[in-house]
Undergrad: 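Before anything else, here's the structure in question.
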Amino acid sequence: MALKRGLSGVNRIRGGGGGSRSAIVVSVFLCVFAPLVFFFFVGRGVLYIDSSNDYANASVKQSLDWRERLAMQSLRSLFSKEASVLDVITASTADLGPFSLDSFKKNNLSPSWREVEVDTSFRNPQVIKQHQNVTLLQKVSGFSFDKLQIAIADTISDSSNIITHVGGSHQKVETPEKLYRRQLREKRRERRANELVQHHNDDTILKLENAAIERSKSVDSAVLGKYSIWRRENENDNSDSNIRLMRDQVIMARVYSGLAKLKNKTELLQELQARIKDSQRVLGESTTDSDLPRSAHDKLRDMGQVLAKAKMQLYDCKLVTGKLRAMLQTADEQVRSLKKQSTFLAQLAAKTIPNAIHCLSMRLTIDYYLLSPEKRKFPRSENLENPNLYHYALFSDNVLAASVVVNSAIRNAKDPSKHVFHLVTDKLNFGAMNMWFLLNPPGKATIHVENVDEFKWLNSSYCPVLRQLESAAMKEFYFKADHPTSGSSNLKYRNPKYLSMLNHLRFYLPEVYPKLNKILFLDDDIIVQKDLTPLWEVNLNGKVNGAVETCGESFHRFDKYLNFSNPHIARNFNPNACGWAYGMNMFDLKEWKKRDITGIYHKWQNMNENRTLWKLGTLPPGLITFYGLTHPLNKAWHVLGLGYNPSIAKKDIENAAVVHYNGNMKPWLELAMSKYRPYWTKYIQFDHPYLRRCNLHE
């Protein structure tokens, strides 16, 4: 209402005569604008008083307060009705915050006039006052009655925030309302910041954990050598980018070397050859960029310069393409040759007996034959043909491996006195095998060692394998590796175990042990981790062989082992039939005799004299002989692959009754996988005098 009355009064003044109206406007202008001009210009003069003078600061403040009061009194004396309007504007300007006239005016100025809000707590008070007065002059420059009211209200509001210098310290004067609102805003900002930080920390931790889990999945624990997710090269997906670039440069340098030689560019040829040697020297055995020396970047740059020079002088698309094709063919031939050599060396390493084991066998053999005949006998020989006991068949020429099998089986047996071990070896290791178990008897268990060469019934007239091994064709296959008909694929079959009857004796178990009903066959590259007596209680349902199947979705089925292009194989067997494993097999010798398993084996072995049905070995004829006569056992009885598969789960190994090191990486060889070897070595007494003398250690 006061605002309306003020405006109506002004309208009445404006509605008068032209002369009186002009006189009123002039008098208003003089009365109002003159003090303001005096106020501004005098105020500008005092801005440059030294702020270090306390008395000068006090006088400036007093003069400023006096000019403000004088301006307000002049306005109120002329516009008594508008005084209440000015009071309302003045009071509301400081409390409305972003909705105040001052805020509105500041936010709607053009960019060239807009004030920048900065922290003035450490600014010079003289500069502050000068800035405020200049701002006020800018506001008044577009003068009108409404703008005058806004300018005065802004001046009064701004005066409450003037920073004064009292006693050398800065002090900001705020109303209680503004102080309370500012505190609320600061609390809200702090609370929001804490929430954002906490949310950010939780998200960051979660991301780091997920990244670590994903990285751990990609880590192959079987890879031998140095690996750590904290290594610098693993931070970059392209950690070998420089190495690959250097190798590419070497390839191109060789291409240009050939072209330079062809075009008689001797100087360029020598330069290229020198750079090739430098790059190869820098590369060395490096596999990641972090392994490269510091000079690698210089070599990269130098090689790049030489290649650019060679490209300018020698590049011809047809010649370069031909040279690269020739290099590719040469590299392919080298790869095939190296692959063949690698296969041969792997087989050679697998069939080589370590010096320490050979030493052990020789020392034991010498000491055995120094014994008197009475001391060469084992106790409890009456148990050897008792069908009510648990009998094991173990055929081996490795003393240390056989001792591990026997020790592990006895250590995990509930009643060792009921276990009988039948060992068969060759004449070379017969003395050593006897001497070891005479020195280290298997507790209450029974053990017996035989020599396969003393089985007089096992001769070439009865056994097809022996007859085939004596043939000229077989000798050529075994001993003439460079013969055109032999081929590199036969390298793995030229292993002494295929020439030994110890490997084929498993097909003659009823002849070797005629008075037994059941026997558990064990390979010498296994260890026993649980009591095996429940295997004798397994119902084979009229089958002869109890074994663990090894086929997956498409692996280890019959078509992998047999030649199904042969009509005899294609007619009698299913190529998708599931394979099974030797190494731990329960044989029912009664059913064996009833079904004439040995006769079936002889039939198919005779048909394979030219090796057209299968290659050498005992598993393919075993699959044929026991086809349809094998009962699948629970997989937990027999876990395979510790001699070639680096990714077997630790849980599966520890839960298995028998662990099998089938493959080339036998646990007694240096090429054994280190993470699987402790399962085997824990059954060896390395402080044994014989082992120490032969330097056998973990």
Side-chain angles (χ1 to χ4, degrees), residues 380 383-396 398 401-424 437 440-449 505-506 509 512-513 516-541 543-550 580-592 622 626 630-643 648 651-662 667 676 679-684:
R380 295 181 289 274
N383 294 334
L384 296 178
E385 297 180 348
N386 185 350
N388 297 321
L389 300 179
Y390 305 114
H391 294 265
Y392 300 82
L394 175 62
F395 307 149
S396 175
N398 188 325
S403 70
V404 170
V405 175
V406 174
N407 291 344
S408 62
I410 292 173
R411 189 181 300 183
N412 293 284
K414 293 181 179 179
D415 187 0
S417 62
K418 294 183 178 181
H419 294 258
V420 181
F421 293 89
H422 301 267
L423 273 69
V424 179
F437 288 105
N440 307 279
K444 297 181 179 180
T446 302
I447 194 165
H448 181 60
V449 180
L505 195 60
R506 64 192 69 191
L509 289 175
V512 180
Y513 310 109
L516 300 180
N517 298 327
K518 275 189 174 183
I519 195 166
L520 183 64
F521 172 78
L522 298 176
D523 273 344
D524 63 355
D525 55 352
I526 65 102
I527 57 170
V528 180
Q529 299 186 128
K530 294 183 180 180
D531 182 35
L532 299 181
T533 53
L535 281 171
W536 276 264
E537 306 300 326
V538 174
N539 184 4
L540 298 182
N541 298 316
K543 305 295 178 64
V544 179
N545 175 27
V548 171
E549 293 182 335
T550 57
W580 46 268
Y582 271 124
M584 189 211 73
N585 305 80
M586 176 59 70
F587 290 112
D588 187 337
L589 299 183
K590 283 186 176 181
E591 286 292 328
W592 185 306
F626 296 101
T630 300
H631 175 77
L633 298 176
N634 190 300
K635 292 184 181 298
W637 280 111
H638 187 191
V639 170
L640 300 102
L642 276 74
I648 302 175
K651 181 179 179 181
D652 293 341
I653 296 175
E654 293 177 349
N655 292 336
V658 170
V659 173
H660 196 172
Y661 292 84
N662 58 313
Y676 297 148
Y679 297 108
W680 187 79
T681 56
K682 70 179 181 180
Y683 295 106
I684 299 177

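All of these numbers come straight from a predicted model, not from anything done at the bench. Just the heavy atoms: all of them, side chains too, but no hydrogens, waters or symmetry mates, feed the values below.
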Undergrad: Going by salt bridge (Lys or Arg N to Asp or Glu O under 4.0 Å), name the pairs with one or both residues in residues 525-539, residues two or more places apart or in two chains.
TA: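 Pairs touching residues 525-539 that pass the test: D525-K666.
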
Undergrad: Is there a donor-acceptor pair closer than 3.5 Å between any side-chain N or O of T446 and the backbone N or O of V420?
TA: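 Checking the backbone N and O of V420 against the side chain of T446, no donor-acceptor pair under 3.5 Å is found.
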
Undergrad: Could you check whether any side-chain heavy atom of Y679 comes within less than 4.5 Å of a side-chain heavy atom of V659, counting everything from C-beta outward?
TA: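 No, too far: nothing below the 4.5 Å cut-off.
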
Undergrad: Can any side-chain N or O of E591 pair as donor or acceptor with the backbone N or O of V544 at less than 3.5 Å?
TA: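 The answer is no, because no donor-acceptor pair under 3.5 Å joins these two groups.
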
Undergrad: Would you say K590 has more than 12 foreign heavy atoms packed within less than 6.0 Å of its NZ?
TA: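 No, the 6.0 Å shell around NZ holds no more than 12 heavy atoms from other groups.
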
Undergrad: With a 3.5 Å distance limit and no angle check, can you tell me whether Y390 reaches the backbone of L532 through a side-chain donor-acceptor pair?
TA: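 Side chain of Y390 to backbone of L532, a donor-acceptor pair under 3.5 Å: no, none is there.
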
Undergrad: Side chains of H422 and L384: closer than 4.5 Å at any heavy-atom pair?
TA: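 When only atoms from C-beta onward are counted, L384 and H422 do touch, with a gap below 4.5 Å.
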
Undergrad: Test of understanding: with ring pair (Phe, Tyr, Trp, His ring centres under 6.0 Å), list the residues that count as partners of Y392, not counting sequence neighbours.
TA: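 In terms of ring pair (Phe, Tyr, Trp, His ring centres under 6.0 Å), with neighbours along the sequence ignored, Y392 is linked to H419, F421, W536.
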
Undergrad: Looking at Y513 versus H391, is the centre-to-centre ring distance below 6.0 Å?
TA: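 Y513 vs H391: aromatic centres not under 6.0 Å.
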
Undergrad: Would R506 pass as a cation-pi partner of F521, given that its NZ or CZ must be under 6.0 Å from the six-membered ring centre and within 45 degrees of the axis?
TA: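 Pair R506/F521 does not count as cation-pi.
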
Undergrad: In Å, rounded to the nearest 0.5 Å, how long is the span from CG of L642 to CG of N662?
TA: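 Spacing of CG (L642) from CG (N662) equals 8.0 Å.
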
Undergrad: Closer than 3.5 angstrom, by distance alone: can the side chain of N412 be matched with the main-chain N or O of V528 as a donor-acceptor pair?
TA: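 Yes, because the side chain of N412 sits within donor-acceptor range (under 3.5 Å) of the backbone of V528.
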
Undergrad: Looking at NZ of K418 and NZ of K444, how far apart are the two atoms once the value is rounded to the nearest 0.5 Å?
TA: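 Reported value, rounded in 0.5 Å steps: 12.0 Å.
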
Undergrad: Output the distance between atom CG (N545) and atom CE (M586), rounded to the nearest 0.5 Å.
TA: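 If we round to the nearest 0.5 Å, N545:CG and M586:CE are 10.5 Å apart.
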
Undergrad: The criterion is ring pair (Phe, Tyr, Trp, His ring centres under 6.0 Å); which residues satisfy it with W592, sequence neighbours excluded?
TA: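 Result, ring pair (Phe, Tyr, Trp, His ring centres under 6.0 Å) vs W592: F587, F626.
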
